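Excluded from the calculations below are hydrogen atoms, water molecules and symmetry mates; all remaining heavy atoms, backbone and side chain alike, are included. Note that the structure is predicted; figures quoted are calculated from it, not measured.
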Amino acid sequence: MSLSLHQIIAFYAKALAADAAIAAWGNDHYGRPPQVRHGLNPKNLPKEDECPAVILHPEAADTGVNVEVHQHVFVCGLLLHDRGVTETDGVLTLDGLTRLDELGALVDAVFENASLHVVPDGREEQFSHVTQYFPVFMQYNFIKIALTNWIGGDNIL
């Protein structure tokens with residue numbers, strides 16, 4: 001028995017929503033903590049007043065009774081609306097790009113520190129892609145989790 005992709009996403013969503021550093025970052029830069037969403041409706045993306053947002057969305061799973069290591073892939077999307085521009089040494093930088101880096105580092109720290117307790121395999125890989133449509137900034141992190149298939153019904157969350 002192993003965790004489902006839904007259970008894994010729910011675990012990390014709860015950890016992200018409870019993280020004090022992420023909340024403080026959001027309050028400092030946008031006057032509110034990031035909204036954490038479990039699932040994505042592409043026809044109803046977070047509006048400007050609902051950002052920043054962290055969206056966890058299932059992508060794929062390779063599981064089964066005869067699979068020794070279950071592979072789970074989900075997307076952790078970061079979405080910002082930011083019109084700020086900072087000039088440093090004659091270079092104009094869109095603040096949204098800087099903020100994506102900051103929020104991404106905080107989210108990474110949650111993934112590194114949040115533990116599924118008895119599962120030693122943890123996170124294996126991450127691939128990032130950043131897009132911008134000023135004033136909208138998005139970063140998509142494809143996260144792959146490998147969990148050993150175990151026998152038993154204990155709730156490890």
Side-chain angles (χ1 to χ4, degrees), residues 2-61 70-89 91-147 155-157:
S2 186
L3 296 173
S4 71
L5 184 53
H6 168 74
Q7 289 172 307
I8 292 168
I9 291 173
F11 172 80
Y12 285 115
K14 184 176 178 182
L16 290 164
D19 188 74
I22 289 176
W25 174 89
N27 286 326
D28 288 348
H29 295 292
Y30 299 99
R32 61 187 164 275
Q35 185 181 84
V36 178
R37 293 185 177 197
H38 179 167
L40 171 69
N41 177 353
K43 293 183 179 183
N44 188 23
L45 293 174
K47 313 265 184 301
E48 185 170 0
D49 64 345
E50 298 173 315
C51 286
V54 178
I55 305 166
L56 303 179
H57 179 69
E59 198 56 36
H70 291 184
Q71 305 288 331
H72 301 274
V73 180
F74 62 95
V75 175
C76 177
L78 310 178
L79 180 63
L80 307 175
H81 284 257
D82 198 310
R83 289 177 170 78
V85 178
T86 300
E87 182 178 354
T88 306
D89 299 325
V91 176
L92 296 174
T93 302
L94 299 176
D95 291 345
L97 295 173
T98 302
R99 301 288 175 255
L100 277 180
D101 281 351
E102 294 168 354
L103 180 55
L106 293 170
V107 168
D108 279 349
V110 170
F111 282 118
E112 292 298 326
N113 294 322
S115 172
L116 292 172
H117 304 295
V118 300
V119 182
D121 304 34
R123 188 172 73 165
E124 276 193 356
E125 300 174 8
Q126 177 174 332
F127 170 78
S128 270
H129 177 70
V130 176
T131 58
Q132 69 173 55
Y133 304 97
F134 188 85
V136 177
F137 296 85
M138 297 173 282
Q139 178 174 330
Y140 300 98
N141 302 302
F142 294 85
I143 299 172
K144 180 179 174 185
I145 305 281
L147 302 175
N155 184 356
I156 66 167
L157 300 177

Output the distance between atom [atom1] ([X]) and atom [atom2] ([Y]), rounded to the nearest 0.5 Å.
| X | Y | atom1 | atom2 | answer |
| --- | --- | --- | --- | --- |
| Gln139 | Leu80 | CD | CG | 9.0 Å |
| Ile9 | Arg37 | CD1 | CZ | 15.0 Å |
| Glu102 | Asp28 | CD | CG | 9.5 Å |
| Ile55 | Leu79 | CD1 | CG | 5.5 Å |
| His72 | Glu59 | NE2 | CD | 14.0 Å |
| Arg32 | Asn27 | CZ | CG | 9.5 Å |

4.5 Å side-chain heavy-atom contact, [X] and [Y]:
| X | Y | answer |
| --- | --- | --- |
| Asp82 | Tyr30 | yes |
| His81 | Lys47 | no |
| Ile22 | Leu16 | yes |

Going through the distances and angles, do Thr86 and Thr98 end up as a side chain to side chain contact (heavy atoms under 4.5 Å, CB included)? CA-CA 10 Å; Thr86 300; Thr98 302; over 6 Å; no

Residues Leu5, Val73; criterion side chain to side chain contact (heavy atoms under 4.5 Å, CB included); working and verdict: CA-CA 8 Å; Leu5 184 53; Val73 180; over 6 Å; no

Look at the rings of Trp25 and His29 and say which category their plane angle falls in: under 30° parallel, 30 to 60° tilted, over 60° perpendicular. tilted

Per the side chain to side chain contact (heavy atoms under 4.5 Å, CB included) rule, which among Phe142, Tyr12, Phe111 passes with Cys76? Phe111

